[in-house]
There are 2 protein chains.
Amino acid sequence: MNLRQLRSLVGLADTDFSVSRAAARLNIVQPAVSQHLRQLEELIGAELFLRHGKRLVGLTEVGEQVLGYARRTLAEAENILAVGRDQTEAERGILRIGVTHTQARYVLPPVVRKFTRQYPDVELQLHQGTPAQLVDMAVNDKVDFAICTEALDEHPALTTIPCYRWNRCVIAPPEHPLLLRRPMTLDKLCEYPIITYVFGFTGGGRFRDAFGKLGLRPKVVLSAADTDVIKTYVREGMGIGIVARLAYSEAEDADLEMRDLSHLFPWEVTKIAYNKDKYLRTFQKNFIDAFQALSV
Amino acid sequence: MNLRQLRSLVGLADTDFSVSRAAARLNIVQPAVSQHLRQLEELIGAELFLRHGKRLVGLTEVGEQVLGYARRTLAEAENILAVGRDQTEAERGILRIGVTHTQARYVLPPVVRKFTRQYPDVELQLHQGTPAQLVDMAVNDKVDFAICTEALDEHPALTTIPCYRWNRCVIAPPEHPLLLRRPMTLDKLCEYPIITYVFGFTGGGRFRDAFGKLGLRPKVVLSAADTDVIKTYVREGMGIGIVARLAYSEAEDADLEMRDLSHLFPWEVTKIAYNKDKYLRTFQKNFIDAFQALSV
DNA sequence: CGTTCTTACGTGTGTCGTAACGATC
DNA sequence: GATCGTTACGACACACGTAAGAACG
């Protein structure tokens, strides 16, 4: 058995079982991949693939098992190579971060600025997704880290580091009647149409829970995955926006009024998570440190 | 990078850093191993080994890291091969079990008998050790399972399955005065010299705890790792023996009297444990099932 | 002086690429 | 008929084994 053979298997599974595309991705020719797959089947002594004629269309049960172990084998081997790169080209490489829109737009910029200055030769990739997708990407090593508030600490394969706390604020056009009413309470918020994050994003169920505990039903007229969309509709007068406090910028959002709501909602904790089995390169650790430093 | 290179590295670490012995174990010649090690160092781009002249004597910090990942890579690769063997020679192979003496001597025989009848071509290896050693052997894949009462469920890398409950009994020569006294209580036991298991074996700290809770101090005059040794000294009149109830056999131990003590001590649970990351071959699963069936 | 590792070199295995063939949509 | 996978073959590389040399105890 060979690492190459395993790469062909994983490549095949990652390209919808197209031998040719797998070969292209692996920078070898199709017959080589075919050979690897044949050798693996021979080694295992059982059919690994479901076929339509010559075309491979899926994996048998045994094939699934082998694929799983192959992925893990390659992941561990990749760790060894990462140790190597950390020795020979410590300041060069790729850092793949999975983030939600709000993080990428409002939180990450200063960290990214600092990091790229420190590591000009590291290519920084920002992959966006829903928290659930980010977890998946981190687990399957499509990204090196995932950064978000939801879902991260539930997955057993991830190491999760809490980074900073945040809470919500309400934003509204300056003339909005809500702004005159003090103190701000949950039931007053319920009197107006609300625009906030979609469920599963940025604060998740705890937003509704806060109202539910008091028997209140907020009128959410629109929900969006990112803060910029919410702001847009608030500007249009469609309702008041309830967003992360850190997403309100005095400079950019001078045309909107903001009131802090941290006394009304539970605090949220944004975390950074990565695969437990993964070797972290020095610059990756440094990124985590830089991100954590936000909480200070 | 290559699996062979990794095997050479692991082989080296497992043979006290003797290149020649590593080669012998891997069934290749020394120069091949040397080459593998050199290639690895080249790949990583850093010294992996501590040297005295030409002789390798240990690992650098980087070397330790690489060794760790190499072990894991090979373990995952081994899982793939195990899937293969399960397909091509399902009823043939080796089953390595780590056990304590008492388990091997008194509990395992019927299971082993049943298993070897079912799988005549599986070589069964019984490795003995202390519970702590058994955990180590299971974690590092020196054995496929570990069976014992202590220490197993504490290690995060192991999957632990409880198999059966047992408790203790006292054994003594027929004429021993203790045997006349009923009901049996802990303080009566304390009146006589006691022979029982050494700490860390078979029942562990809970034995002393039972006495300690009542402020009693048992007079343990001798402790041994296995029941046969204890019985021997009981026969010599050196004291009463407190052993696992299941280790008393009416047939073999007719010259000793036995009294059940399950009302005096907490119940113990014997477990079987194996590495979480390990693929279990069919016959290995069957052994576990057969062992678990004891509890019925 | 034996043991241990390294270096050098030859041979055989194996892996990839090219090219031609077969099958499927 | 175009795409996709398999088969066949050749060239190159690589890995192991043999043999000789260098360092260490």
Side-chain angles (χ1 to χ4, degrees), chain A residues 1-60 63 66-67 70 73-74 77 80-81 84, chain B residues 1-60 63 66-67 70 73-74 77 80-81 84:
Chain A
M1 190 180 52
N2 226 323
L3 291 176
R4 284 191 232 282
Q5 295 162 357
L6 301 183
R7 288 204 188 93
S8 290
L9 174 63
V10 171
L12 184 77
D14 286 348
T15 54
D16 289 321
F17 295 91
S18 159
V19 178
S20 6
R21 262 176 289 157
R25 170 194 287 225
L26 296 168
N27 299 313
I28 54 179
V29 294
Q30 293 92 338
V33 175
S34 286
Q35 193 179 12
H36 292 163
L37 301 177
R38 190 158 32 79
Q39 288 166 334
L40 275 178
E41 275 195 317
E42 218 164 285
L43 174 79
I44 301 298
E47 302 258 315
L48 297 180
F49 308 103
L50 304 172
R51 303 165 201 259
H52 276 346
K54 287 192 175 180
R55 191 155 302 181
L56 309 181
V57 295
L59 290 171
T60 63
V66 173
L67 174 64
T73 307
L74 291 177
I80 298 176
L81 298 176
Chain B
M1 191 180 52
N2 226 321
L3 290 177
R4 285 193 234 284
Q5 295 161 357
L6 301 183
R7 287 202 190 94
S8 290
L9 174 63
V10 171
L12 185 77
D14 285 348
T15 54
D16 289 321
F17 295 92
S18 159
V19 179
S20 7
R21 260 176 290 157
R25 170 194 286 223
L26 297 168
N27 300 313
I28 54 178
V29 294
Q30 293 91 339
V33 175
S34 286
Q35 192 180 10
H36 292 162
L37 301 177
R38 191 158 32 79
Q39 288 166 334
L40 276 177
E41 275 195 317
E42 217 165 285
L43 174 78
I44 301 298
E47 302 259 314
L48 297 180
F49 308 103
L50 304 172
R51 303 167 201 257
H52 276 348
K54 287 192 176 179
R55 190 155 304 178
L56 309 182
V57 295
L59 290 170
T60 63
V66 174
L67 174 63
T73 307
L74 292 177
I80 299 176
L81 298 176

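Here is the naming used below: chain letters follow the sequence lines, and residue numbers restart at 1 for every chain.
Minimum atom distance to the side chain of B:Arg38 is reached by C:dT7, of the listed C:dT7, D:dT7, C:dT6.
In this structure, A:Leu56 atom CG and D:dC4 atom P are separated by 13 Å, rounded to whole Å.
Panel note: side chain A:Thr60, backbone A:Leu48; a donor-acceptor pair is recorded below 3.5 Å. Formation of a donor-acceptor pair under 3.5 Å by the B:Thr15 side chain with backbone atoms of B:Arg21 is not found in this model.
Between A:Ser34 and D:dG5 there is no side-chain N or O to OP1 or OP2 distance below 4.0 Å. In this model, the phosphate group of D:dT3 is not approached by any side-chain N or O of A:Ser20 to a distance below 4.0 Å at OP1 or OP2.
No side-chain heavy atom of A:Asn2 sits less than 4.5 Å from a side-chain heavy atom of B:Leu3.
With sequence neighbours excluded, no residue forms a salt bridge (Lys or Arg N to Asp or Glu O under 4.0 Å) with B:Asp16.
Comparing the start and finish of the helix from C:dC1-D:dG25 to C:dC25-D:dG1, five pairs each, the helix axis swings through 30°, to the nearest 10 degrees.
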>> Strictly under 4.0 angstrom, non-hydrogen atoms only: write out the protein contact profile of nucleotides 10-25 of chain D, one letter per nucleotide from the 5' end, B, S or -.
In response: -----SBBBB--BSS-
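Contact check on B:Glu41 versus B:Arg51 returns a salt bridge, with a Lys/Arg side-chain nitrogen under 4.0 Å from an Asp/Glu carboxylate oxygen.
Across all strands, B:Phe17 comes closer than 4.0 Å only to sugar-phosphate atoms, never to a base (heavy-atom distances).
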